[in-house]
Novice: 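Take this structure, written in structure tokens, and hold onto it; I'll ask about it next.
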Amino acid sequence: MVSPHSLVQRVGARALAVPAIAWPLLALAQPAGAPPPGPPPAMPKMADTHYQSAIAVREGVLVQGQAGPRLDASGSTGLSLHLTRDGYNGVIVSGGRSAFTLRRAQIDLKGQGKNDFLAIGAGVLVRENAAVVIDHATIRTAGAVASALAVAEGATLRVYDSVLVAAGGPLPPGYVRHIGPGMMEPPPPLGLDGTARTVLAMSNARAYFYRTTIEADGWGALSTDAAGDHLYVEANDCVLRVKRRGYAAYADFGARVVLNRTRVESGAEAGIIAGAAQIDMNGVTGTAGRNGVMIHSVMGNPQEVALLNLTGTTLASAGPAILVKSANATITVAGGSLRSASGQLLDMRKNDDANATRTDGARVPGVRLVLRQTTQAGSVSNSDPDRTLTLSLEGARLEGALNHVVFAADAASHWRASAASTITLASPAAVGAIDAPGSVTVTAISANPALAAGSRPLPSGGTLIVVRP
């Protein structure tokens, strides 16, 4: 799948301003086997962009807005903004000398944005090393590429007990669907709905959310892009909701997204990871209308590894609980429960995106799935011709079919094959963890002479056949 997130910074440089580079101009239907496009074109930076806003604080000075007992350079209490203008921001805070607190604000913007990478039309924009606290606020936007909140360029943001909503809006007359600068909807290959991302964190910013509801009509609720080297986003005791097909959280190359005790509800993915990025879900609960978490790599380094940690997390998805598409990943599932209506715990496959990262025959890290102190059900399979998939059980129980998987298990673990399976044994000791009911055969490939080739019965009536590679 082509992703605007992954394509932003894939030409060797990491964008430290927003955005130093932008998406390549791609045809919607690129011929199969065609080479990926060249370097993306230059795009204006925030520093070069003219903004219009109701309130602006720059380097600790109030430069737009009427100063008074409820508004000064240090903050505002009880702000109420109801505006209907295209390309207009509510509040902009910028500069390392700015420390601004927005309390009990009501911001309602109805108007089309122009470019969400530049946050034109965002309810609140925090940038260039500024520090902002938002407390008990409601921020709503209604317009294509009009984010409720954007944070960028090393800024630090903390949001408490608030409601952030991006409803999106119709595309302007004459708009031509495309992938590149000025696009106003997700790339079609992602299969998402909507025209706006509610929260957009970029370029080494740090954003923390507490007891806050973040809602999108489609596209994405909590999004990262043009991450830089150390973008960090954390949501604690929050609700992330996407009404139609979209994602609750996205970790772009260089980003780490941490969700603690948060509820996710999404018409598509609960989370998406692009390339060398990380998502941690701790005590998360929720539903996903398509996949639980999807991991992919587009125009990246074939050696990059995504990190996914699911701890005490309960997710119900229509498709695979975890989907990996032409990407390397280390995935740890500890406790919790991943339930897939399609019966797939992890599906690893070749990416159908023409811009998928290519290995060109190089040896790559592949995918390692660790199930630790957990009981899970569902198949684990690999149809990616470029990568291996290793499954390690550590004090864990699994029921489901395994196919084209390197299998490892400790003495406290148990795998019950629910259908015919083909595995490669990491060590002879893993045999002790294998079981299957009658009529189910497990074919295990092993080159270890300590394990005799041939057929043997399993405790529940199934058959294990050990074969040489």
Side-chain angles (χ1 to χ4, degrees), residues 1 269-273 288 290-297 305-306 308 310 315-333 336-353 356-357 359 364-372 374-394 396-409 413-426 430-431 433-437 439-446 458 462-467 469:
M1 290 185 290
E269 277 75 33
I272 298 179
I273 302 175
R290 194 160 58 184
N291 309 300
V293 178
M294 192 270 282
I295 301 172
H296 68 152
S297 177
V305 179
L308 173 64
L310 305 177
L315 285 176
S317 59
I322 304 169
L323 173 63
V324 183
K325 304 184 72 173
S326 292
N328 308 308
T330 297
I331 303 164
T332 302
V333 179
S337 174
L338 305 178
R339 302 188 302 275
S340 163
S342 66
Q344 299 165 284
L345 178 63
L346 185 146
D347 183 20
M348 181 173 161
R349 67 178 77 153
K350 190 174 180 64
N351 198 341
D352 52 3
D353 189 337
T357 298
T359 65
V364 296
V367 173
R368 181 170 186 246
L369 171 64
V370 177
L371 302 183
R372 181 175 296 142
T374 186
T375 298
Q376 301 288 344
S379 65
V380 177
S381 63
N382 176 21
S383 59
D384 182 347
D386 299 323
R387 292 169 176 82
T388 59
L389 169 59
T390 299
L391 169 63
S392 297
L393 303 185
E394 300 178 1
R397 301 180 68 85
L398 173 66
E399 180 166 357
L402 304 183
N403 280 293
H404 307 293
V405 172
V406 178
F407 179 72
S413 295
H414 180 80
W415 165 47
R416 180 181 172 89
S418 60
S421 300
T422 300
I423 63 173
T424 297
L425 289 172
V431 168
I434 300 174
D435 195 11
S439 78
V440 172
T441 297
V442 175
T443 300
I445 302 168
S446 174
L458 292 169
T463 301
L464 173 68
I465 301 176
V466 177
V467 300

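Predicted model, so just to flag it, every value in this text is computed and none were measured.
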Novice: With rounding to the nearest 0.5 Å, note down the distance linking CE in Met294 to CG in Asn351.
Specialist: 7.5 Å
Novice: Identify the two heavy atoms, one from Ser342 and one from Gly319, that lie closest to each other, and give their separation to 0.1 Å.
Specialist: OG-C, 3.4 Å
Novice: side-chain hydrogen bond (donor to acceptor under 3.5 Å, both in side chains) with Ser421: which residues, sequence neighbours excluded?
Specialist: none
Novice: For Thr388, what residues pass the side-chain hydrogen bond (donor to acceptor under 3.5 Å, both in side chains) criterion, not counting sequence neighbours?
Specialist: none
Novice: To the nearest 0.5 Å, what is the distance between CD1 on Ile423 and OG on Ser446?
Specialist: 9.5 Å
Novice: Starting at CG of Asn403, measure out to OG of Ser379 and round the result to the nearest 0.5 Å.
Specialist: 8.0 Å
Novice: Within the side chain of Trp415, is there an N or O that forms a donor-acceptor pair under 3.5 Å with the backbone of Gly400?
Specialist: yes
Novice: Which residues satisfy the salt bridge (Lys or Arg N to Asp or Glu O under 4.0 Å) test with Arg372, sequence neighbours excluded?
Specialist: Glu394
Novice: Between the main-chain N or O of Ala396 and the side-chain N or O of Ser413, is there a donor-acceptor pair closer than 3.5 Å?
Specialist: yes
Novice: Show the nearest heavy-atom pair for residues Ser381 and Leu389, with the distance to one decimal.
Specialist: O-CD2, 3.8 Å
Novice: Under the salt bridge (Lys or Arg N to Asp or Glu O under 4.0 Å) test, which residues partner Arg397, sequence neighbours left out?
Specialist: none
Novice: Considering the options Asn291, Val293, Ile331, which one meets the side chain to side chain contact (heavy atoms under 4.5 Å, CB included) requirement together with Val324?
Specialist: Ile331
Novice: Given side chains that start at C-beta, do those of Arg387 and Pro365 come closer than 4.5 Å, heavy atoms only?
Specialist: no
Novice: Output all residues satisfying side-chain hydrogen bond (donor to acceptor under 3.5 Å, both in side chains) with Asn382, sequence neighbours left out; order by chain, then residue number.
Specialist: none
Novice: Could you tell me which non-hydrogen atom of Ala408 sits nearest to which non-hydrogen atom of Ala426, and how far apart they are?
Specialist: CB-CB, 3.8 Å
Novice: Hey, are the side chains of Leu402 and Ile434 touching, using non-hydrogen atoms and a 4.5 Å cut-off?
Specialist: no
Novice: Nearest 0.5 Å, what's the CD1-NZ distance between Ile295 and Lys325?
Specialist: 12.5 Å
Novice: Ignoring hydrogens, what is the shortest heavy-atom contact between Ala444 and Leu464? Give both atom names and the distance.
Specialist: CB-CD1, 3.8 Å
Novice: Taking Asp347 for its side chain and Leu323 for its backbone only, find out whether a donor-acceptor pair lies under 3.5 Å.
Specialist: no
Novice: Which atom pair, heavy atoms only, marks the closest approach of Ser340 to Ala318?
Specialist: OG-O, 4.2 Å
Novice: Please examine the side chains of Val333 and Leu345, heavy atoms only from C-beta on, and report whether any two atoms are closer than 4.5 Å.
Specialist: no
Novice: Could you tell me the separation between the CG atom of Leu346 and the CG atom of Leu369, rounded to the nearest 0.5 Å?
Specialist: 5.5 Å
Novice: Which residues pass the side chain to side chain contact (heavy atoms under 4.5 Å, CB included) test with Arg416, not counting sequence neighbours?
Specialist: Glu399, His414, Asp435, Pro437, Ser460
Novice: Considering non-hydrogen atoms only, spot the tightest contact between Asp384 and Arg349 and give its length.
Specialist: CB-C, 3.9 Å
Novice: Nearest 0.5 Å, please: how far is OG in Ser337 from CD in Gln376?
Specialist: 5.5 Å
